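Before any comments, here is the structure.
None of the values given here were measured: they were computed from a predicted structure.
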Amino acid sequence: MAGEAGSKAPEAQPGRRVKVLIIDDSALVRSLLTRILGADRELEVIGTAPDAFVAREKIKLLQPDVLTLDVEMPRMDGLQFLRNLMRLRPMPVVMCSSLTERGADVTLAALELGAVDFVTKPRLDVAHLLESYAAELIGKVKSAATAHVRPFSGSSAPSSAAAALSPAARPRPADQIVAIGASTGGTEAIRQVLSRLPSDSPGVVITQHIPRAFTAQFAARMDACSAISVQEAQDGALIQPGCAYIAPGDRHLLVERDGAYCRCRLHDGNPVNRHRPSIDLLFASMAEHVGANAVGVILTGMGSDGARGLKQMRARGAFTIAQDEASSVVWGMPGAAVALGAVDRVLALEQIAAALAAGREAIGARRATGS
């Protein structure tokens, strides 16, 4: 299996439940996750493991469909175990992470290694939050069971074309702006796109479904591997060429016209499509304030957030791109956008950065033909 380009969990069969193995050094957490997942009729907890060595043997014996994996474990930490697993026997993994700077950094590294998604550690002292936590955990495990999983190649280094060059210090009007939306599998997909962009790229605004505690770490990791400058979006920030702005995890990111410039606007409105930040809101603001000077990109993710907003962008003359199913971890959001008629081109992940430059030409061609 390690030599394959990628793998997908077996198609669900009528009456067949998804087999889950729980790996966590805390007996209390193992018991709680077993109880939560075991209560769903489509899931079956086939075993638990307190560390990586026990887990390795149980994987061989029990053949699970999905793992839940603790980030920090004794004897061998979760990252090293995941690295070995994705190299030798790729399979869907949902990480369990703490909401700390250390937890955020390790979890983002795990997503780069091939983990499908993550949930935060359950708050054992807050009983009334367990219902929403259970729904999130069950949903992510089920989604992981259908995900495309690829072997870890041994390197997550950025493209050599991404030379570290700083954008010009003097503000310049953003003649064009690229808006990117992503969810499940999106942190790695965004890295793949940003690391291939040249330093003189149009300004980029990004909404990734991610907790607030993770955003600053995510932006720092993207900045380190990109020729463009990547930062967490601040309210009122000018959108500059050669810069990317990532929505904070608990605030909607919008784009607003300000004369010749465009600015980031953050607000604390209600969740849209169950998400804050919402991709639909970002794309809708792009349609209103950037219009035909925009490029919209919808990447891997569960659900349909972003599909309607991308259709609004296309209706206003923007060039729109969706990641294809084969390269997506979950083809929910891109598939919904395609079904809605919101997409000009469907591309493999590794083709998207190059297509962004071509998108500018496509916009010009559309204007010239009036289409």
Has [X] got more than 12 heavy atoms of other residues, nucleotides or ligands less than 6.0 Å from its [atom1]?
X: Asp268; atom1: CG; answer: yes
X: Arg308; atom1: CZ; answer: no
X: Arg212; atom1: CZ; answer: yes

Give the cluster check for [X] versus [Y]: same hydrophobic cluster or not, with ILVMFWY residues linked at side-chain heavy-atom distances below 4.5 Å.
X: Ile59; Y: Met76; answer: yes
X: Val230; Y: Val204; answer: yes
X: Val272; Y: Leu299; answer: no
X: Leu281; Y: Met313; answer: no
X: Leu340; Y: Met286; answer: no

Practice item. Check whether the side chains of Arg316 and Gln312 place a donor and an acceptor atom closer than 3.5 Å, and report yes or no. Key: no
Exercise for review: Say whether Ser97 and Thr107, considering side chains only, have a donor N or O and an acceptor N or O under 3.5 Å apart.
Suggested key: yes
Under a 4.5 Å cut-off applied to non-hydrogen side-chain atoms, are [X] and [Y] in contact?
X: Val93; Y: Val66; answer: no
X: Val141; Y: Asp117; answer: no
X: Val119; Y: Tyr133; answer: yes
X: Leu253; Y: Arg265; answer: no
X: Leu43; Y: Val45; answer: no
X: Val20; Y: Asp65; answer: no
X: Leu254; Y: Leu282; answer: no
X: Val71; Y: Cys96; answer: no

Roughly how far, to the nearest 0.5 Å, is the [atom2] atom of [Y] from the [atom1] atom of [X]?
X: Asp77; Y: Glu72; atom1: CG; atom2: CD; answer: 8.5 Å
X: Met222; Y: Leu194; atom1: CE; atom2: CG; answer: 7.0 Å
X: Glu112; Y: Arg83; atom1: CD; atom2: CZ; answer: 10.5 Å
X: Asp250; Y: Ile210; atom1: CG; atom2: CD1; answer: 12.0 Å
X: Thr48; Y: Leu33; atom1: OG1; atom2: CG; answer: 10.0 Å
X: Met91; Y: Leu82; atom1: CE; atom2: CG; answer: 11.0 Å

Any donor-acceptor N/O pair, [X] side chain to [Y] backbone, under 3.5 Å:
X: Asp51; Y: Pro74; value: no
X: Ser199; Y: Ile228; value: no
X: Ser278; Y: His275; value: no
X: Thr215; Y: Gly249; value: yes
X: Gln323; Y: Thr300; value: yes
X: Lys58; Y: Gly47; value: no
X: Asp235; Y: Leu266; value: yes
X: Asp280; Y: Gly306; value: yes
X: Ser226; Y: Asp223; value: no
X: Tyr245; Y: Arg263; value: no

Point to revise | side-chain contact (heavy atoms from CB on, under 4.5 Å) assessment of Ile352 paired with Ile321 | key: CA-CA 8 Å; Ile352 290 175; Ile321 298 169; 4.2 Å; yes
Check your understanding: Salt bridge between Arg75 and Asp25, side-chain N to carboxylate O under 4.0 Å?
Key -> no
Check your understanding: Is Arg196 salt-bridged to Glu350, cutoff N-O under 4.0 Å?
Key -> no
Practice item. Using the side-chain contact (heavy atoms from CB on, under 4.5 Å) rule, take Ile23 and Met73 through it: C-alpha gap first, then chi angles, then the decisive distance, then the call. Key: CA-CA 9 Å; Ile23 309 169; Met73 296 188 298; 3.5 Å; yes
Check your understanding: Should the ring pair His252 and His267 be called parallel, tilted or perpendicular, given that the plane angle runs from 0 to 90° and is split at 30 and 60?
Key -> tilted
Check your understanding: Val178 and Val205: side-chain contact (heavy atoms from CB on, under 4.5 Å), yes or no, with the steps?
Key -> CA-CA 6 Å; Val178 176; Val205 287; over 6 Å; no
Review point. Would a line drawn from the ring center of Phe214 to the ring center of Phe118 be shorter than 6.0 Å?
Key: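 Aromatic pair counts; centres sit under 6.0 Å.
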Exercise for review: Sort out for me which residue in Arg274, Met333, Met302 forms a side chain to side chain contact (heavy atoms under 4.5 Å, CB included) with His209.
Suggested key: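 Filter result, single survivor: Met333.
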Exercise for review: Check the pair Asp24 / Thr68 against side-chain contact (heavy atoms from CB on, under 4.5 Å), numbers first and verdict last.
Suggested key: CA-CA 8 Å; Asp24 198 292; Thr68 69; over 6 Å; no
Exercise for review: Please test Arg314 against Asp344 for salt bridge (Lys or Arg N to Asp or Glu O under 4.0 Å), starting from the C-alpha separation and ending with a verdict.
Suggested key: CA-CA 8 Å; Arg314 189 167 189 259; Asp344 287 308; 2.7 Å; yes
Practice item. Decide yes or no on side-chain hydrogen bond (donor to acceptor under 3.5 Å, both in side chains) for Arg56 and Asn84, but give the supporting numbers first. Key: CA-CA 10 Å; Arg56 183 175 60 190; Asn84 295 342; over 6 Å; no
Check your understanding: Looking only at heavy atoms, what is the nearest atom pair of Ala104 and Gln217, with distance?
Key -> CB-CG, 4.0 Å
